[in-house]
There are 2 protein chains.
Amino acid sequence: MAKGPNSLEFILLGLLTLRPSTGYDLKKTMDISVRYISPVALSQIYPTLKRMTQNGLVTYRLVERRGKTDLKIYSITRAGQELFLKWLAEPHKPDPYRFDTFTLRFYFSSLLDKATLLNHIRTELAFRQVQLDIARNLKLNDLGDMAPIEELDMTRTVKFWELYHQYGLQFMETYTNWLKYIRGVVEKGI
Amino acid sequence: MAKGPNSLEFILLGLLTLRPSTGYDLKKTMDISVRYISPVALSQIYPTLKRMTQNGLVTYRLVERRGKTDLKIYSITRAGQELFLKWLAEPHKPDPYRFDTFTLRFYFSSLLDKATLLNHIRTELAFRQVQLDIARNLKLNDLGDMAPIEELDMTRTVKFWELYHQYGLQFMETYTNWLKYIRGVVEKGI
DNA sequence: TATCTCATGTAATACGTTACATGATTGC
DNA sequence: GCAATCATGTAACGTATTACATGAGATA
């Protein structure tokens, strides 16, 4: 998703595929689902929807309410729909530094056929397994060899770094295990 | 770390506490340690070091080399050192959306006394346990109740959301388990 | 000969957060 | 009466990424 729409636009298109909503509603939905860990700000949603409207990916209709602010009910356009489904299906390119390019796609994968989805999962899994191997073989001790300032106990410092490194490894392991799990689920037919 | 220096400045100060280095070296060190999963760009390091120099947190001395670009060997100033140690020790405030405000601090915690460090770990752990409970009780089915467009199989869609949700939960579990683990290690004496 | 590593940076752009601004309704 | 929720947004700022620019020495 390097070029063109960013991940928020992707989420918005995905959610608007399911049902028309206001910006406010979209945020609420995200808060309890896709973005429940890291909520998005409304002040980011509104300009994004505006830009997407200008780009013809979404439209809205105004609903007047006595005394209150008008509602803007957004829905996805045919162009937006096509773009979204194209992204969903297009060959997956794992991003070394981020998992969410995959997980986000997976989130909306009920719109995808089984074969394409399995390809995505396998591509991502293969990549993460290689990455995990590399991380496992990272020699932290090399760092301990660097000359530090005199007063410092470098052996002890490196112990902290190792614990930190374990944290990173455990994350990657958790992720690859989850990938294997969903691969199984999808293979059996979801 | 909302105000003042951001996490990159924090890392830079931490690494420069250990030994003077060039911007290039700092990147290399980060690549195989603190930032091995998500490398930082050199084009971000150089301006950051420049800004930190202006703010009196670091200084550099030039080392000329025949034909090649001059080296800028950065080291931390007394002011930078004080600021860094103050941050390390100051009461930990968990950030709901990011783990790295804690993990980064932990990375440099060999410079911290046991009692303060244990406080940090316990604060973070308590917070994450509450957060994990909330996430576990999130009712995804509520989402399934929303009226989708007609053609959509909402039951199937929700299954994907549940799998996605499991991914988030597993991350949080892995993290809290790691926190318990390091708490044990630190309690026993590292 | 060509690519990689070393070593420095700037400029433009994209992305995200915080603060600010407004105002009605609902629940405690 | 006060806070939270609903509902819209703008402006300023901070952070991060990508592209651009330069050039030597080492390695394949």
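To find a chain, count down the sequence lines: A is the first, B the second, and so on, and within it residues start at 1.
Separating the CG atom of B:D100 from the P atom of D:dT15 is a distance of 13 Å, rounded to the nearest angstrom. Taking atom CE of B:M52 as the reference point, atom C1' of D:dT15 lies 15 Å away to the nearest angstrom. Computed from coordinates, the B:R98 CZ to D:dG14 C1' distance equals 12 Å when rounded to whole Å. Distance, B:F10 CZ to D:dT15 C1': 18 Å, rounded to whole Å. The CD-C1' distance, from A:E64 to C:dG23, rounds to 17 Å in whole Å. Here the P atom of nucleotide D:dT17 and the NZ atom of B:K27 are 10 Å apart, to the nearest Å. The nearest whole Å value for the distance from the CZ atom in B:R35 to the C1' atom in D:dT17 is 12 Å. Taking atom CZ on A:R51 and atom P on C:dT13, their separation rounds to 15 Å, with Å as the unit.
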*Criterion side chain to side chain contact (heavy atoms under 4.5 Å, CB included) on B:I76 and B:L57, from CA distance to verdict*: CA-CA 6 Å; B:I76 195 165; B:L57 301 175; over 6 Å; no

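With a 6.0 Å radius and a threshold of 12 heavy atoms from other residues, nucleotides or ligands, A:R65 has its CZ atom above the threshold.
By the salt bridge (charged side-chain N to carboxylate O under 4.0 Å, His left out) test, B:E187 pairs with B:R122, sequence neighbours left out. Residues passing the salt bridge (charged side-chain N to carboxylate O under 4.0 Å, His left out) test with B:K27, sequence neighbours excluded: B:D31. For A:D25, the salt bridge (charged side-chain N to carboxylate O under 4.0 Å, His left out) partners at least two apart in sequence or on another chain are A:K28. Applying the salt bridge (charged side-chain N to carboxylate O under 4.0 Å, His left out) test to B:E82 and every residue at least two apart in sequence or in another chain returns nothing.
Checking each of B:F127, B:F99, B:F106 against B:Y175 for a ring-ring contact (aromatic ring centres under 6.0 Å, His included) leaves exactly one that passes, namely B:F99.
Salt-bridge formation is detected for the pair A:R136/A:E173: a Lys NZ or Arg NE/NH1/NH2 atom is positioned less than 4.0 Å from an Asp or Glu carboxylate oxygen.
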*Can you give one letter per nucleotide of nucleotides 7-12 of chain D, 5' to 3': B if a protein heavy atom sits under 4.0 Å from the base, S if only from the sugar-phosphate, - if neither?*
BBBB--

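Rounded to 10 degrees, the angle separating the terminal helix axes of the helix from C:dT1-D:dA28 to C:dC28-D:dG1, each built from five base pairs, is 50°.
Of all the heavy atoms in A:S33 and B:Y164, the pair that sits closest is O-CE2, 4.0 Å.
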